[in-house]
There are 2 protein chains.
Amino acid sequence: MPPSDPLREQIIAQYDVMSPQLQQAARYVLDHPEEVALVSMREVARYAAVQPATMTRLAKFLGLPGYDELRAQHAAALRQGSDGFAAKVRQRVDEGRETVASDTATHMLQGLSAQLAKLCEPDSLRRLEATADRLMSARKIYVLGLRSCHAIAWHFHYVMTLLGDRSVHLDGPGGTGGDALIRATSEDVMLVISIKPYARDALEVAQLAKEKGVGIVSITDSEVSPLVAMSAQTILCPTESDSFFHTLTPALAISEVLCSLLAEFDRPKTLEALQQVDEHLSHLNTYSTAIPRRQ
Amino acid sequence: MPPSDPLREQIIAQYDVMSPQLQQAARYVLDHPEEVALVSMREVARYAAVQPATMTRLAKFLGLPGYDELRAQHAAALRQGSDGFAAKVRQRVDEGRETVASDTATHMLQGLSAQLAKLCEPDSLRRLEATADRLMSARKIYVLGLRSCHAIAWHFHYVMTLLGDRSVHLDGPGGTGGDALIRATSEDVMLVISIKPYARDALEVAQLAKEKGVGIVSITDSEVSPLVAMSAQTILCPTESDSFFHTLTPALAISEVLCSLLAEFDRPKTLEALQQVDEHLSHLNTYSTAIPRRQ
DNA sequence: AAACCAATGATCCATATGTTTCATACTATA
DNA sequence: TATAGTATGAAACATATGGATCATTGGTTT
């Protein structure tokens, strides 16, 4: 339990001034915060051997509008688990009161921030690692992401291009995207990115690859995504945002982490490859730091 | 998230034979187990966008006596999860260096999370809002992002495409990307995305547009980026990561927030446009939820 | 076309919930 | 001892909740 819970500290601080019954209630709340979040007030009162009204009185005593708020706070604490990082983010939400328009922005960004923090959970990390391992041992990496997931697939492929020539982006004009699979073998792996609603074409191409013996790994949004069943490894990314659209930011973050893990797997080779890219692009005069003069 | 939860596995196993509404409910339950434990059934139903009765039906479908049992099981999982989590963390600490890879991942993800949280600062929010305002009043929005920023530009354009036809992506085969600017006027705005190293072509096209009177807004990485000087509005995004590569996750997040602000500006129109898209794509049979059968 | 069936939505119901009110018991001060 | 003030318990209240019922829909089969 994180000791940095403001409500808990308040209860402890005011404990001495409480009446005996309030103390008994407060003590139970302190000792069993999960129960407060999970069961009804009357039940908590029964466990604490206290009248239901006492729980309400406790909440009011603490300056809260009612018992519901007390439970809500315990629920929030439980939701975030021991992830102190997300807790800090959440804390800021209540502080700031800004313009209406930037409220939307703030909510979205803080939500995304929390989602990324959550990706640090052991389960996600394990999946990341396993997927990276699978990709490392591949001869070729076919990257597939259609429609909304195109951006993620493209970027993953772009970064991988900087590291070598193992990556093949399954995307081409006139529906020729899948053609690169012609010479795919069982030594290869395909990274499929797809979120709800799942593009039919992506599923079909992935299925085709699988039947050719290509190993499938995926980034998708749910345990019941059709990709899960056909993948050797899957990384789950949240996509909810309080806007009209699903967010791809967590998916991109995952993709970038995967690239990093792959790059770090062989640092010397990575460094060499990057230097090579630098030289090549500087010869092509690709980059600039000044506003171009035009005549 | 404990992957070995019998109830979860049962839901996953039976997911395929559920009716669409049940699937929708089940999907939410799988993706948000904490909410099931913490809030009322009706609220869960609201979040999952299903009828309250559907939640009851889901519980019965799973062989449980009622929804209460479903919540009880999730509550139990959460209870043991909260103190089980600390144990897992401790375990990881004891294991020590065994998982170097997930250390990298954790660092990256937490760093990204912090960067997104930082974007909520007043200055960033002001810039976001100003940029969104500028984009709203535009006749056409030309979107330009080359090389590493292509993914961001593409995704912004993709989302804007769902909302209407104001967006034009400046990207084409054979170096024809800038051609769409032929009919650009001073009523139009160009959104340029570029980070260091700045692609020379992007700067040139932007400069060309500016000389045609097109308003420039940009997403870039520094106050001294060449884009700042030529832009009416600029949003700064961090790009540092402890990997070899610059991260584009914050830039994507910003782009998504911009899209949301634009969408929210005219909710009725947005909803109508999205519905239109839905119909169109469903007629094209674009999406699927099942693994495609192949013969 | 007709008839059936499962699936979904809308409505109603009994109950449990959080809160309030009121009466009683307790304690401290004069 | 009398009394004011508080703490506690019991009961009543409006409401929200989970569950059940019935009508409607949409797709299949005969």
Side-chain angles (χ1 to χ4, degrees), chain A residues 7 11 14-29 32-76 78 224, chain B residues 7 11 14-29 32-76 78 275 278-279 282-283 285 287-290 293:
Chain A
L7 183 56
I11 297 177
Q14 301 196 257
Y15 186 82
D16 302 322
V17 216
M18 295 179 191
S19 74
Q21 287 295 303
L22 281 187
Q23 284 191 343
Q24 191 170 330
R27 186 188 177 88
Y28 182 86
V29 170
H32 305 276
E34 336 82 34
E35 300 305 312
V36 177
L38 292 169
V39 308
S40 76
M41 185 203 78
R42 287 178 121 96
E43 213 160 339
V44 173
R46 268 189 35 228
Y47 294 153
V50 159
Q51 284 251 343
T54 305
M55 300 308 298
T56 299
R57 287 164 181 155
L58 174 64
K60 303 232 158 173
F61 180 87
L62 294 170
L64 303 173
Y67 180 85
D68 275 322
E69 181 60 26
L70 196 149
R71 169 168 54 218
Q73 298 226 17
H74 280 81
L78 195 56
V224 291
Chain B
L7 182 55
I11 297 177
Q14 300 195 253
Y15 184 83
D16 299 322
V17 285
M18 294 181 191
S19 73
Q21 286 295 302
L22 281 186
Q23 284 192 343
Q24 193 170 328
R27 189 187 172 92
Y28 183 87
V29 171
H32 305 275
E34 337 81 33
E35 299 305 312
V36 177
L38 291 170
V39 310
S40 74
M41 182 202 76
R42 288 180 123 92
E43 213 159 340
V44 172
R46 266 190 37 229
Y47 294 153
V50 298
Q51 288 245 343
T54 306
M55 299 308 299
T56 300
R57 287 166 180 154
L58 174 64
K60 301 234 159 173
F61 180 88
L62 293 170
L64 304 174
Y67 180 85
D68 275 321
E69 182 59 24
L70 196 150
R71 170 170 52 220
Q73 297 227 23
H74 279 81
L78 232 189
Q275 190 177 347
D278 269 355
E279 274 176 35
S282 77
H283 283 131
N285 199 17
Y287 296 121
S288 163
T289 54
R293 264 184 322 111

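Keep in mind that the numbers below use all heavy atoms, side chains included, and drop hydrogens, waters and symmetry copies. Please read all numbers here as calculations on a predicted model, not as lab measurements. Chain letters run A, B, ... following the sequence lines, proteins first and then strands; every chain starts at 1.
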Within this structure, what is the CE-to-P distance between M41(A) and dT17(D), rounded to whole angstrom?
15 Å
Heavy atoms under 4.0 Å, any strand shown: does T56(A) hit a base, just sugar-phosphate, or nothing?
base
Polar side-chain atom of Q23(A) near backbone of Y15(A) as donor-acceptor pair, under 3.5 Å:
yes
Within the 4.0 Å heavy-atom criterion, would you say P52(B) contacts the bases, only the backbone, or no part of the nucleic acid?
nothing
Q24(A) has an atom CD; how far is it from atom P of dA7(D), in whole Å?
16 Å
Distance test, side-chain N/O of S40(B) to OP1/OP2 of dT17(D), below 4.0 Å:
yes
In whole angstrom, give the distance that lies between atom CG of L58(A) and atom P of dG18(C).
14 Å
Run the side chain to side chain donor-acceptor pair (under 3.5 Å) check on Q24(A) and Y28(A) step by step: do they pass?
CA-CA 6 Å; Q24(A) 191 170 330; Y28(A) 182 86; over 6 Å; no
Is the side chain of E35(A) donor-acceptor paired with the backbone N or O of V44(A) at a distance under 3.5 Å, no angle test?
no
M55(A) atom CE is separated from dA16(C) atom P, nearest whole Å, by 20 Å
Does anything in residues 61-71 of chain A reach DNA chain C, meaning a heavy atom under 4.0 Å, and if so which residues?
G66(A), Y67(A), D68(A), R71(A)
Does any N or O donor sit under 3.5 Å from an N or O acceptor when you compare the side chain of R57(A) with the base of dG9(D)?
yes
Can you tell which of dG19(D), dA10(D), dA20(D) lies closest to the side chain of R42(B)?
dG19(D)
Taking all non-hydrogen atoms of both residues, which atom of L70(A) and which atom of L62(A) are closest, and how far apart?
CD1-CD1, 4.1 Å
For L7(B), does its backbone N or O pair with a side-chain atom of Q73(B) as donor and acceptor, under 3.5 Å?
no
Taking OP1 and OP2 of dG19(D), is either one under 4.0 Å from a side-chain nitrogen or oxygen of K60(B)?
no
In whole Å, what is the span from the CD atom of Q21(A) to the P atom of dT27(C)?
13 Å
Looking only at heavy atoms, which two atoms of M55(A) and A25(A) are closest? And how far apart?
SD-CB, 3.7 Å
Return the minimal non-hydrogen interatomic distance between M18(A) and A26(A), and the atom names on each side.
SD-CB, 3.6 Å
Would you mind reading off the distance between Q51(B) atom CD and dT25(D) atom C1', rounded to a whole angstrom?
13 Å
Nearest to the S19(A) side chain among dA7(C), dA7(D), dG9(D), which nucleotide is it?
dA7(D)
